[in-house]
Amino acid sequence: MTPSQALDALAERHGILGSFVDLSGQERATGPDTKKALLRANGLSPDNDAAILDALRALEADEAARRFPRELVAAAGAPAPVALGPGDAWRLDFDGGAQTVQGTGPGDLRRAPLPPGMHALTVGSGAARERITLIAAPPAAPSIEALTGRARLWGLNAALYGLRSGRDAGLGDFEDLARLAEAAAAHGAGYLGLNPIHALGWSARDVISPYSPSHRGFLNPMHIAVDRIPGLEGSGKARALLAGAQIGLGPVKAAELVDYAGHRRQLAPLLEKLCALFRDEAADQARNSFAAFRGAGGRALDDFTLFEALSETHGPDWRAWPETLRRATGPGVGAARAELAGRMAFHAWLQWVCATQIGDVQTRAKRAGMPLGLYLDLAVGARRGGAETWCEGGAVAQGVSIGAPPDHLSPEGQNWDLAAYAPGKLAQGGYGAFRQVLRETMRHAGILRIDHVLGMNRSFWIPDDGSPGGYIRQPFKSLLAIIAIEADRARTAVIGEDLGLTPDGFRDQINAHGLYSYTVLQYEKDAEGRFRAPDALRAQSLACFGTHDTPTLRGFQIGRDIDWWRKLGWTDDDGAAAARETRRAEVAALLALGDGGADLVAPVHAALARSPAAMVSVQLDDLMGRAEAQNLPGTIDAHPNWRRRASMPVER
């Protein structure tokens, strides 16, 4: 075997694709430098030909020595699909350590049906023992019909940060969200969708994008409704604190765009004071609820709050911290836990307030008649120096970022500077990091949208060393089974955002596992570039006109996105003129879906309503006739991304 063949074989064994087909239909080979970089990301050291060959031989020897696979996806309610011999002793440890059963031979194993969950089956005795991870899943994630008794629903999508009201603090908060849900429910909305509300990091003062979180398993305390703190409902001292804060909040509330820095300057010290007041005078019921929350949060909450406390001294990116603190199991971490116990309690209190308030939103939404309540969004990844990668460092791919090759969303390709989980490392940890994020996000969600669900089949990794990006296969079957397990437990419907370069059969696979696809009308065109007829849209999908990354209906009609391309120099006068000519034809085609009129809102939503799509989303920006988009991909400061506030308050 030549060195090149050994590298190819080792890369293949670790799921690195030898090539991929780009937007133009051209096959792009994955070069040796990229293969080595992606192998390093998976924890290998392919530094020379001998090391590569040794790694390959060790892998082959390990596989040859095993009788059973390391991992199996099984059907919940059925026995483990493992072919045991008559004398094989086995032990089955059920998910969560709740129960252990054991026996000898296949007959005993067949009498131990698997409940939903991830179970450990150990076969053999002494040195000959093999461990098999059994992922026992329901056949599919819950459907909206199973959850609500209705085959089709429509809902409202909004940006929480942009909500405004007479009582907010300059940034949309959970009370604003509850009132919007109640208003939408009164008009028949079945759900209220949001951009991600993950924790951005207490010390990450410059991060505002909801798609660049510090940890996806926790919430952003900047959305706390400070006038609705549990345990302080009747407190005169709390009212006095809030009254005093209103003076400083005046300019922040009056700002046309969200003033994140000004909001934080006022809110952070106010939350500190409210927490101190909670410690002094909160009722026993609230104290007990907080204590129970900390107990249930376990190590995951403990590690996250320690990260937040450490970040106050060392900054929001752990990669710049002292060496002894750069991982949750570092040698300096034990002493830090003891030293920072008070700050950890504060950050735990923030998360408890967030969880209590978002839980109240879901309760009020459903009580108002909204069958599914909140539709929450799971970002594709966390920041590479943030809390999630620090807490779950053993599962993270090193030296790479998640991104995307050129496609119709971004012809130049994209580097998102987000962390990737290494498939082998994630599996070795029992997929704990992935399960924790899913479980926490689903806890208060009737619907969960998984951003860039394509990354669960194959993800595009961009090496830090300058090598071209390449695709790596993910344990797709296992990840889909885990999604079904957690969705079934939470009674949550799941949408997979499947825009971009989609492998053949991918949508059929996710649909078969109960996930809904994501249909964006702006992109739904046939081979001749014509919009698809409404009845041709996918039934098992959520359909909408646009997203946070696309023009609003008004912006599309007047070509506001084309104006921005020209303003930023992304196209010249001729290109802009050609784009506007194309846009006029597109607008005419969309207007033709209706019964006349010069505005797109009615014909587009009528077309979506006539489609067979199980869910149809209406954007709050479109109801308000907004021309500007929430985000312009490819920009950071050149466009006011994630800062546009709603044009009317929730009271209206």
Quick one: pull up [atom1] in [X] and [atom2] in [Y] and give me the separation to the nearest 0.5 Å.
X	Y	atom1	atom2	answer
N220	S214	CG	OG	10.5 Å
L418	I462	CG	CD1	10.0 Å
L480	L515	CG	CG	6.5 Å
L448	R443	CG	CZ	13.5 Å
L200	M222	CG	CE	9.5 Å
I495	Q540	CD1	CD	11.0 Å

Restricting to pairs with a member in residues 202-222, which pass salt bridge (Lys or Arg N to Asp or Glu O under 4.0 Å), not counting sequence neighbours?
R216-E388
Any pair with a residue in residues 10-19 that passes salt bridge (Lys or Arg N to Asp or Glu O under 4.0 Å), sequence neighbours left out, goes on the list, sorted by first then second residue, please.
E12-R473, R13-E60, R13-E63
Are more than 12 heavy atoms from other residues, nucleotides or ligands located less than 6.0 Å from atom CZ of R491?
yes
Show, in sequence, the C-alpha distance, side-chain angles and deciding distance for R91 and D93, and conclude whether the salt bridge (Lys or Arg N to Asp or Glu O under 4.0 Å) test is met.
CA-CA 7 Å; R91 188 187 75 204; D93 295 300; 3.0 Å; yes
So, using side chain to side chain donor-acceptor pair (under 3.5 Å) as the criterion, who are the partners of [X] when residues are at least two apart?
X	value
S401	N415
R337	D302, D303
T492	none

Sequence neighbours excluded, every pair satisfying ring pair (Phe, Tyr, Trp, His ring centres under 6.0 Å) that has a member inside [range]:
range	value
residues 480-503	none
residues 467-498	F20-Y471, F460-Y471, F476-F506
residues 33-57	none

May I ask you to test the [X]-[Y] pair for a side-chain heavy-atom distance under 4.5 Å?
X	Y	answer
Q630	Y161	yes
L310	W390	yes
T133	L121	no
P423	I472	yes
L92	H119	yes
Y211	H548	yes
L350	W202	yes
Y431	L479	yes

Which atoms form the tightest heavy-atom contact between [X] and [Y], and what is the distance?
X	Y	answer
A481	A137	O-CB, 3.5 Å
L271	W349	O-CZ3, 3.7 Å
V333	L325	N-CD2, 4.0 Å
R294	L301	CA-CD2, 3.8 Å
A136	L114	CB-CB, 3.7 Å
W461	N42	CZ3-ND2, 3.5 Å

Report the residue from L378, D498, V380 that forms a side chain to side chain contact (heavy atoms under 4.5 Å, CB included) with H452.
V380
N631: which of T547, N195, D549 passes side chain to side chain contact (heavy atoms under 4.5 Å, CB included)
D549
Using atom types as modelled and distance alone, determine if a side-chain donor or acceptor of [X] lies under 3.5 Å from a backbone N or O of [Y].
X	Y	answer
T356	W352	yes
T34	T30	no
Q351	F218	no
H14	L10	no
R383	S212	yes
H215	G217	yes
E71	I132	no
Q398	G43	no

Under 4.0 Å between a side-chain nitrogen and a carboxylate oxygen: does that hold for [X] and [Y]?
X	Y	answer
E130	R67	no
D465	K36	no
R40	D464	no

Are R129 and W90 in a cation-pi contact, defined as NZ or CZ under 6.0 Å from the six-membered ring centre and within 45° of the axis?
no
Pi-cation contact, Y518 with R449 (under 6.0 Å, within 45°):
yes
From CA spacing to verdict: side chain to side chain donor-acceptor pair (under 3.5 Å), S541, S517:
CA-CA 4 Å; S541 74; S517 291; over 6 Å; no
Using only heavy-atom distances, determine whether the side chains of E312 and H347 contain a donor-acceptor pair under 3.5 Å.
yes
Please tell me whether W318 and T389 have a donor and an acceptor in their side chains that are separated by less than 3.5 angstrom.
yes
Applying salt bridge (Lys or Arg N to Asp or Glu O under 4.0 Å), can you list everything that pairs with [X], at least two apart in sequence or on another chain?
X	value
D417	R384
R131	none
R439	E486
R326	E323

Walk me through it: do D95 and R489 pass the test salt bridge (Lys or Arg N to Asp or Glu O under 4.0 Å)?
CA-CA 13 Å; D95 196 3; R489 285 179 175 174; 3.2 Å; yes
L374 and I358: side chain to side chain contact (heavy atoms under 4.5 Å, CB included), yes or no, with the steps?
CA-CA 9 Å; L374 291 176; I358 196 78; 3.7 Å; yes
